[in-house]
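Reviewing the structure listed below.
Note that this is a predicted model, so its numbers are computed, not measured. All chains are named by letter (A, B, ...) in the order of the sequence lines, taking the proteins before the strands, and each is independently numbered beginning at 1.
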Amino acid sequence: DAGITQSPRYKITETGRQVTLMCHQTWSHSYMFWYRQDLGHGLRLIYYSAAADITDKGEVPDGYVVSRSKTENFPLTLESATRSQTSVYFCASQPGDTEAFFGQGTRLTVV
Amino acid sequence: KNEVEQSPQNLTAQEGEFITINCSYSVGISALHWLQQHPGGGIVSLFMLSSGKKKHGRLIATINIQEKHSSLHITASHPRDSAVYICAVATDKLIFGTGTRLQVFP
């Protein structure tokens with residue numbers, strides 16, 4: 001199916017564990033983004049990528065790692081999950097300076 | 001002070017009412033996005049605009065660059081319009097407002 005998909009949709013993990021959230025887009029958009037959404041905050045940028053093998057930090061990058069070896073995939077890894085990383089995570093892609101396309105989100109709970 | 005402010009934070013309406021959601025920003029932008037998020041759902045882009053006005057069905061978005069202000073209007077509102085509406089401004093990245101929660105009752 002065409003579009004942008006995130007997996008898993010829901011994840012519960014324990015403090016200290018490593019967890020990876022996957023994001024896959026079928027359009028070959030240049031730009032990809034990871035955001036987190038928390039009550040009382042707007043969406044906040046964690047990391048973004050302008051192209052394969054190019055990544056940059058966003059507003060709240062601490063505790064996260066990304067990679068982009070292929071244009072269509074942009075996984076987000078929490079190296080050692082903490083309770084403060086409990087959130088809803090959204091991946092998005094953009095072909096350029098145009099509208100953004102968002103995934104369905106991943107609800108992550110760290111216990 | 002947040003760089004993107006939306007008002008109101010919460011809005012209830014009766015079916016058929018005309019609805020306006022406002023967005024003010026304090027930074028220079030290249031474009032402004034309006035997004036829709038249904039409960040438990042993903043985020044959908046409604047509009048991207050850098051000047052003037054855009055219309056799609058019952059939705060109208062306007063922007064005044066000089067006043068750093070945008071509005072999203074919904075004409076003849078319907079319960080299925082119930083959602084969170086998010087304004088985001090494009091600088092070197094997207095900066096998001098905290099959203100306006102709209103509930104439309106039959």
Side-chain angles (χ1 to χ4, degrees), chain A residues 1-10 21 23-25 27 29-50 54-61 66 74 87-109, chain B residues 1-10 21-51 54-57 59 61 63 65 70 72 83-101:
Chain A
D1 289 336
I4 181 165
T5 55
Q6 292 182 233
S7 61
R9 291 291 313 278
Y10 303 92
L21 310 184
C23 179
H24 174 79
Q25 52 115 345
W27 299 296
H29 289 169
S30 301
Y31 290 88
M32 294 188 76
F33 307 84
W34 274 106
Y35 299 95
R36 60 178 290 172
Q37 186 178 42
D38 304 290
L39 275 176
H41 293 275
L43 285 148
R44 291 183 291 174
L45 181 64
I46 304 170
Y47 269 96
Y48 67 102
S49 168
I54 301 173
T55 62
D56 278 298
K57 294 179 180 180
E59 183 184 353
V60 289
V66 293
F74 191 39
S87 186
V88 181
Y89 291 85
F90 285 95
C91 177
S93 71
Q94 274 182 279
D97 193 15
T98 63
E99 66 175 311
F101 297 86
F102 288 81
Q104 285 292 99
T106 295
R107 185 174 294 275
L108 176 69
T109 302
Chain B
K1 190 180 186 301
N2 293 333
E3 292 166 304
V4 181
E5 298 273 1
Q6 287 186 238
S7 64
Q9 288 188 315
N10 295 284
I21 299 170
N22 296 299
C23 176
S24 296
Y25 54 92
S26 57
V27 294
I29 68 170
S30 57
L32 183 143
H33 299 249
W34 281 104
L35 310 166
Q36 181 191 56
Q37 185 176 24
H38 282 284
I43 298 169
V44 175
S45 176
L46 297 175
F47 296 102
M48 189 188 86
L49 63 167
S50 54
S51 66
K54 285 190 176 180
K55 183 175 189 291
H56 185 254
L59 301 178
I63 188 168
I65 296 292
S70 176
L72 176 68
V84 176
Y85 292 84
I86 303 168
C87 169
V89 299
T91 59
D92 58 338
K93 60 184 187 297
L94 284 178
I95 305 172
F96 294 81
T98 53
T100 295
R101 184 175 301 275

State the CZ-CZ distance between Arg44(A) and Phe96(B), to the nearest 0.5 angstrom. 12.5 Å
Interatomic distance, Leu43(A) atom CG to Thr98(B) atom OG1 [nearest 0.5 angstrom]: 10.5 Å
Below 4.5 Å, heavy atoms only, C-beta onward: do Phe33(A) and Leu94(B) meet side chain to side chain?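 No, side chains not in contact.
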Ile86(B) side chain near Gln37(A) side chain, heavy-atom distance below 4.5 Å: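 Yes, side chains in contact.
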Toward chain B, the part of Arg107(A) with a non-hydrogen atom under 4.5 Å: neither
Atom group of Tyr35(A) that falls short of 4.5 Å from chain B, counting heavy atoms: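 Side chain only.
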Ranked by heavy-atom pairs below 4.5 Å to chain B, first place among Gln104(A), Gln94(A), His41(A) goes to Gln104(A)
Should we say atom CZ of Phe101(A) is surrounded by more than 12 heavy atoms from elsewhere, each under 6.0 Å from it?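 Result for CZ/Phe101(A): enclosed.
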Give a yes or no on this: more than 12 heavy atoms of other residues, nucleotides or ligands lie within 6.0 Å of atom CZ of Arg101(B). no
Which atoms of [X] are under 4.5 Å from chain A, going by heavy atoms: the side chain, the backbone, both sets, or neither?
X        : answer
Leu46(B) : neither
Gln6(B)  : neither
Ser45(B) : both

Nearest heavy-atom pair of Ile43(B) and Phe102(A): which atoms, and what distance? O-CB, 3.3 Å
